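Keep in mind it's a predicted model, so treat the numbers as computed, not measured. We name chains A, B, ... by the order of the sequence lines, and we start the count at 1 in each one.
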There are 2 protein chains.
Amino acid sequence: MTDGVAERSRPRDRILETAQDMFHKHGIKGVGVDAITEAAGTNKMTLYRHFESKDELVIECLRATAAKASRIWDEFEARHPGDKLAQLHAWVQKASELLSADSRGCDMANAAVELTETDHPARRVIKELKEAQREKLVALCRDAGIGQAELLADTLSLLLEGARVSMQSVGAEGPSAQFVRMAESLIASFRAR
Amino acid sequence: MTDGVAERSRPRDRILETAQDMFHKHGIKGVGVDAITEAAGTNKMTLYRHFESKDELVIECLRATAAKASRIWDEFEARHPGDKLAQLHAWVQKASELLSADSRGCDMANAAVELTETDHPARRVIKELKEAQREKLVALCRDAGIGQAELLADTLSLLLEGARVSMQSVGAEGPSAQFVRMAESLIASFRAR
DNA sequence: TCTGGAAGTTACAGACCGGTAACACCCTAG
DNA sequence: CTAGGGTGTTACCGGTCTGTAACTTCCAGA
């Protein structure tokens, strides 16, 4: 049967895509490799021929997710070429849209919550990817002409991260409902300084 | 052997305390009931005589955690009786202290991330407890004489929630390092309106 | 048409999981 | 001293987990 994953792509790609989706929805420890391969229309042996372990698969999924996020940033630049302030507003808008569309939050943050072993191989990858995203937002704020760019970027980061996790515990009608308002008035106040 | 849990309390109390600690450190799905009972210096049968299932134990742990948090709020009132603004600053201070002391974040939010089944019995408890905490912070902001009390409370909530989860993915040197500064300047700007 | 590698199949190992049954023990209240 | 409830012990159930072995099937390219 088809599972939403294109049937005629290569097994490795199907596994990666299916795993991303299932890890996102059910958590990492909430999904077994058997379930992934079945949903991907393949089998366990094929998974282990392409990924040396479940942990390795998790890491590849996180990288893929980060790559998708990166493509969204490209859209900002494409839609508002050179206009960094407009891109920052677009970031807020897009973040809000993703919040409404999906209540399971950020895969990397969720993974960090689930994978508690301090030496888990995925942890350093999570940290690297999150740091890269932070750098990007700081650069965007700075290039948008904001003075305390790091502080604004970090505040926006925490707001979004908080909105994503709040969504999962109290739902969409909780504090996260006001995210856009908070972010926009924050940007305004930083621009006024 | 002793495990930090008082040896001469009742088994039920030892189990509850140990489970809280282990769920907090290693996550819910990362700890088995065997490990809990062993660390609590008792056995599985005794656990199941006091709690009808692991899920039920999880719920009791969350309630206990919320009760501890509630006691912290009592301290605010005790230390700054009647002075709600001082209590709000104390809230910021205390939040920051807890952030520094422990990088595993909020048990309820973490549980919400781990327990993805929408009908999991713990989810409604999490929602109730989180909503109660929200109410408290809103009331504190309002009683401190702040106009848009709900908005400030929700913004502070998201900042703290974000700081707690950011801590787990990027560490203490990430955006969460600026939490106090963000919170205080936010309070100041709300007071100025 | 032949061949070699990728993919599928089945079965299994070994560990862990939540939860239960049956029974022995101990300690305290009467 | 005795009875009984709380507790400890051991063994087990059925299920799930990650990961592997051995074998078969399929299909594309030479």
Any N/O pairs under 3.5 Å between the protein and nucleotides 3-9 of chain C? List them or say none.
unit_1 : atom_1 : unit_2 : atom_2 : d
dA7(C) : OP2    : H50(A) : NE2    : 2.9
dA7(C) : N7     : R49(A) : NH1    : 3.4
dG8(C) : OP2    : T42(A) : OG1    : 2.4
dG8(C) : OP2    : N43(A) : ND2    : 3.4
dG8(C) : OP2    : T46(A) : OG1    : 3.0
dG8(C) : O5'    : N43(A) : ND2    : 3.3
dG8(C) : N7     : R49(A) : NH1    : 3.4
dG8(C) : O6     : R49(A) : NH2    : 2.6

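Rounded to whole Å, the distance from CG on D34(A) to P on dC12(C) is 16 Å. Between Y48(B) atom OH and dA22(C) atom P the separation is 18 Å, expressed in whole Å. Rounding to whole angstrom units, CD of residue E38(A) and P of dT10(C) are separated by 13 Å. dC17(D) atom C1' lies 14 Å from atom CG of L47(A), rounded to whole Å. Whole-Å rounding puts the K54(B) NZ to dC16(C) P distance at 15 Å.
A donor-acceptor pair shorter than 3.5 Å can be found between the side chains of K136(B) and S70(B). Side chains of S157(B) and D154(B): no donor on one and acceptor on the other come within 3.5 Å. Between the side chains of T18(B) and D21(B), no donor-acceptor pair is found at a separation under 3.5 Å.
Test D107(A), N110(A), T65(A) against H24(A) for side chain to side chain donor-acceptor pair (under 3.5 Å) and you get one pass: D107(A).
A single hydrophobic cluster is not seen to contain both L129(B) and I72(B); linkage of ILVMFWY side chains at heavy-atom distances under 4.5 Å, directly or through other members, places them apart. V165(A) and M167(B) fall into different hydrophobic clusters, where Ile, Leu, Val, Met, Phe, Trp and Tyr side chains are chained together by heavy-atom contacts under 4.5 Å.
Annotation: proximity of residues 19-33 of chain B to DNA chain C (heavy atom, distance under 4.0 Å) is found for V31(B), G32(B), V33(B), numbered in ascending order.
Looking at R142(A) and E150(A), a side-chain N of the basic residue comes within less than 4.0 Å of a carboxylate O on the acidic one, giving a salt bridge.
Atoms CE and CZ, on M182(B) and F179(B) in that order, are 9.0 Å from each other to the nearest 0.5 Å.
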